[in-house]
Protein chains: 2
Amino acid sequence: MPADPANGRREITVSDVAAAAKVSKATAARALGDYGAVSEAVRDRVRAAAEQLGYHPNALAKTMNTGRSNSIGIVVGDIENPFFGQATRGAADVAKAAGFDLILLNSDEEAGAEENAISVLLAKRVDGFLVAPASTTVPASLHPAVESGRPLVLFDRVADGLDVDTVVADNLAGARRLTELLVEAGHRRIAFISTIGHEGDYRLGDRLGSSSVNDRVTGFTAVLGEAGVPNPEAFVRLNARRDGVDAIVRSLVDEGVTAILASDSLVAQAAFRTLRDLGVAIPRDVSLVAFDDADWTSLSDPAITVMSQPIHEIGAEAARLLVRRIAGDGAPTEHLVFPQVLIERESIAPPPG
Amino acid sequence: MPADPANGRREITVSDVAAAAKVSKATAARALGDYGAVSEAVRDRVRAAAEQLGYHPNALAKTMNTGRSNSIGIVVGDIENPFFGQATRGAADVAKAAGFDLILLNSDEEAGAEENAISVLLAKRVDGFLVAPASTTVPASLHPAVESGRPLVLFDRVADGLDVDTVVADNLAGARRLTELLVEAGHRRIAFISTIGHEGDYRLGDRLGSSSVNDRVTGFTAVLGEAGVPNPEAFVRLNARRDGVDAIVRSLVDEGVTAILASDSLVAQAAFRTLRDLGVAIPRDVSLVAFDDADWTSLSDPAITVMSQPIHEIGAEAARLLVRRIAGDGAPTEHLVFPQVLIERESIAPPPG
DNA sequence: AAACGCGTTGAGACCGGTCTCAATCTAGGT
DNA sequence: ACCTAGATTGAGACCGGTCTCAACGCGTTT
């Protein structure tokens with residue numbers, strides 16, 4: 001006896017209800033599924049029987065012949081990361097309102113896991129995909145998704161060579177503004193730190209795995225260059241996950257860097273701790289700015305100046321777009337870019353000396 | 001043509017592969033599904049055909065006759081809340097390792113939404129449920145889940161009158177310890193703040209909607225009572241969501257309260273901000289302690305003394321238990337209680353004056 | 001050489017719904 | 001009273017897998 005959750009009981013099916021209501025299976029299904037034409041009397045009788053038997057429709061069987069599962073798959077780097085928590089919530093609310101549920105998978109920013117996630121979602125026949133792609137430059141793991149013909153919307157980062165909708169923040173402008181602030185305060189030796197992985201030293205023009213970080217680095221080096229700082233690329237420190245933010249910050253301090261731009265709030269947090277442990281005062285000795293208005297940034301001493309992103313809205317808008325595509329909107333691919341907003345606090349000061 | 005994602009292409013099925021490999025559908029299914037007996041030659045031939053055609057198994061069809069969906073439903077209050085983010089991640093990792101995926105639903109701590117979520121999960125035929133119940137005292141929304149016969153594991157809170165596994169932290173002991181610390185520092189006028197809803201003033205013995213908060217309040221009032229503080233229940237402030245933490249803290253300060261115990265890190269955060277805005281110094285004027293080692297609590301000035309819970313582990317253990325139940329473990333119901341650990345920082349001082 | 005056993009294979013039922021199509025019923029038109 | 005359009009209803013195919021069961025091929029036993 002399949003479809004049996006290990007315990008004795010069998011699930012009640014349309015046939016059971018039909019028998020109880022003394023109508024055909026087809027009629028019962030119509031009454032229950034609210035489609036086709038059924039007389040009011042019969043419909044009530046069937047509904048009553050269903051209620052009485054404790055009938056719960058099997059959405060899977062429905063999916064089998066409608067081809068729609070009413071679920072969308074969402075692949076995030078790590079749901080524990082507040083950024084993804086917020087984006088997921090935004091997406092979940094929109095999805096729910098449109099009658100969809102979320103199947104959540106973590107990629108740990110790793111292509112293999114991402115491909116795996118896509119494959120699982122494909123097998124579960126989700127109606128669409130919401131993905132924060134692990135790699136902008138090598139989006140091979142996403143191919144099965146686009147080939148499936150089911151809509152895919154990327155959020156937080158774009159992917160090269162994929163004609164799909166994207167929803168991101170304006171990281172280039174945000175990075176420029178943040179760097180300008182530092183430069184205007186008089187800084188010349190400013191470092192950019194990100195956990196993104198990269199082979200060898202960063203050189204101008206290198207494409208990074210995350211389009212967001214890529215844009216941030218681009219904005220950062222551009223402003224530095226315009227300010228006449230030679231070799232701005234030398235101040236870009238990647239691979240912070242592998243090398244450790246702590247170690248990077250320590251060497252930065254040794255090298256006499258006077259300001260740090262953290263690519264995300266987690267990096268900023270680690271940097272903040274290290275500077276504090278080192279007895280380096282923010283902003284007197286070193287200025288610190290970051291992306292994302294994480295809660296701690298307004299509570300710490302000093303409070304951190306940040307570039308805030310409408311994270312919740314990015315997730316929600318991505319879901320809105322996806323839902324529209326699922327509904328059959330064949331409009332040209334969209335690339336939404338949300339503005340970031342600067343929140344000035346107390347972590348910037350002129351360089352010491 | 002059903003099962004078609006709106007675009008032209010039809011999905012490749014076992015039958016297609018069978019035809020291409022010139023074997024029966026049954027044999028192809030065996031080769032692909034890795035069950036039954038198939039000669040090596042045929043298996044390779046079928047696999048090659050599948051590969052060539054781009055066959056992707058339909059997990060739903062499989063679920064239909066095995067009765068197992070390999071997905072588990074998780075219902076949290078709000079995935080945006082770091083607590084649930086962490087617990088969900090813990091659960092996701094365990095689930096993934098066991099071959100399950102997560103269907104995520106937010107309940108917003110509201111019974112109606114919770115019931116709805118359960119119903120969706122029931123329809124999707126999840127193999128089991130992971131729920132942080134919105135209400136301890138009125139767990140009616142969970143009944144359909146237990147009646148379905150599919151295993152249900154509660155985490156973070158228990159539910160009255162439900163014989164199901166639960167995984168929670170030792171909130172009673174944690175609250176006692178935190179309160180003792182305050183009492184030992186000399187405080188007598190200590191307030192407890194929680195967002196939990198409650199009709200009218202709190203009276204000793206009242207059951208609160210969340211078992212966690214209930215235990216915390218119980219521990220809190222008990223220690224206060226043992227310290228000889230009259231009417232400890234008068235210091236319990238609930239409904240902070242409705243009334244606003246800010247307003248509550250202001251009136252508390254007016255009333256001359258010298259210490260605050262925040263039931264969670266979100267409340268603590270709001271209280272911290274209000275005290276700062278009021279110019280009330282922590283801990284000189286008012287001491288502040290809270291549950292959960294949220295990241296900001298170690299970064300703020302002063303850093304907050306907290307009672308830390310193994311959140312990640314709570315989620316993971318709940319998932320482990322659930323997976324075991326799904327596998328058919330019929331052992332008696334388990335009620336796991338994780339110890340909380342105190343992290344002493346700088347937010348406690350003797351009361352002023 | 002007949003009988004037996006085991007590994008393979010194919011045919012077709014089944015899971016629980018949806019949907020097509022034909023049969024039946026009803027009411028309105030003349 | 002007779003015909004017909006429209007509303008209801010039932011029978012059965014179908015979605016894409018799994019699984020039972022019978023049939024088949026072939027080496028080994030006696």
Side-chain angles (χ1 to χ4, degrees), chain A residues 1-6 9-46 49-50 53-70 122-125 127 148, chain B residues 1-6 9-46 49-50 53-70 122-125 127 148:
Chain A
M1 78 203 92
D4 252 35
R9 238 164 314 114
R10 207 182 55 91
E11 304 275 351
I12 304 297
T13 73
V14 223
S15 297
D16 298 327
V17 176
K22 300 197 199 313
V23 293
S24 73
K25 177 183 157 194
T27 300
R30 278 187 281 253
L32 261 16
D34 223 20
Y35 63 92
V38 195
S39 71
E40 201 159 330
V42 171
R43 179 152 40 79
D44 292 348
R45 185 147 45 94
V46 172
L53 291 175
Y55 169 74
H56 287 288
N58 184 331
L60 271 41
K62 179 175 193 164
T63 299
M64 287 236 42
N65 33 32
T66 59
R68 293 202 44 184
S69 60
N70 288 311
L122 231 28
K124 294 240 159 117
R125 296 294 189 267
D127 294 326
S148 77
Chain B
M1 76 203 94
D4 253 35
R9 234 162 320 112
R10 207 183 55 92
E11 304 275 351
I12 304 296
T13 73
V14 224
S15 296
D16 298 327
V17 176
K22 301 197 197 314
V23 294
S24 73
K25 177 183 157 194
T27 300
R30 276 188 281 252
L32 261 16
D34 223 20
Y35 63 91
V38 195
S39 70
E40 202 160 327
V42 171
R43 178 153 41 78
D44 293 349
R45 186 147 47 93
V46 172
L53 291 175
Y55 168 75
H56 287 288
N58 184 331
L60 271 40
K62 180 176 193 164
T63 298
M64 288 238 39
N65 33 34
T66 58
R68 294 202 44 186
S69 61
N70 288 312
L122 230 28
K124 294 239 158 119
R125 295 296 189 265
D127 295 327
S148 77

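Naming: A, B, ... by sequence-line order, numbering from 1 per chain. Everything quoted here is computed from the prediction, not taken from an experiment.
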Of A/Arg45 and B/Lys62, whose closest DNA chain D nucleotide lies nearer the 5' terminus? A/Arg45
If you pin B/Arg30 and B/Pro57 to their nearest nucleotides in DNA chain D, which one's is more 5'? B/Pro57
Calculate the interatomic distance between [X] atom [atom1] and [N] atom [atom2]; express it in whole Å.
{"X": "A/Leu122", "N": "D/dG16", "atom1": "CG", "atom2": "P", "answer": "14 Å"}
{"X": "A/Tyr35", "N": "D/dT9", "atom1": "OH", "atom2": "P", "answer": "14 Å"}
{"X": "B/Arg68", "N": "D/dC19", "atom1": "CZ", "atom2": "P", "answer": "12 Å"}
{"X": "B/Arg43", "N": "C/dG7", "atom1": "CZ", "atom2": "P", "answer": "15 Å"}
{"X": "A/Leu60", "N": "C/dT18", "atom1": "CG", "atom2": "P", "answer": "12 Å"}
{"X": "B/Met64", "N": "C/dC14", "atom1": "CE", "atom2": "P", "answer": "14 Å"}
{"X": "B/Arg125", "N": "D/dG17", "atom1": "CZ", "atom2": "C1'", "answer": "17 Å"}
{"X": "A/His56", "N": "C/dC15", "atom1": "NE2", "atom2": "P", "answer": "20 Å"}

Considering all heavy atoms, the nearest [X]-[Y] contact:
{"X": "A/Arg45", "Y": "A/Lys22", "answer": "NH1-O, 4.0 Å"}
{"X": "B/Ile12", "Y": "B/Gly54", "answer": "CG1-O, 3.9 Å"}
{"X": "A/Val46", "Y": "A/Leu32", "answer": "CG1-CD1, 3.6 Å"}

Measuring from the side chain of [X] (C-beta onward, heavy atoms only), which nucleotide among [options] has the closest atom?
{"X": "B/Thr27", "options": "C/dG17, D/dT18, C/dG10", "answer": "C/dG10"}
{"X": "B/Ala37", "options": "C/dT8, D/dG10, D/dA13", "answer": "C/dT8"}
{"X": "B/Ser24", "options": "C/dG10, D/dG17, D/dC19", "answer": "C/dG10"}
{"X": "B/Ser39", "options": "C/dA11, C/dT8, D/dG10", "answer": "C/dT8"}
{"X": "A/Lys25", "options": "C/dG17, D/dC19, D/dG10", "answer": "C/dG17"}
{"X": "A/Ala29", "options": "C/dT18, D/dG17, C/dC19", "answer": "C/dT18"}
{"X": "A/Thr13", "options": "C/dG17, D/dT8, D/dG10", "answer": "C/dG17"}

How long is the gap from NZ on B/Lys124 to CG on B/Leu60, to the nearest 0.5 Å? 9.0 Å
Separation of A/Asn58 CG from B/Leu122 CG (nearest 0.5 Å): 10.0 Å
Is there a donor and acceptor pair, one atom on the side chain of A/Asn65 and one on the base of C/dG17, closer than 3.5 Å? yes
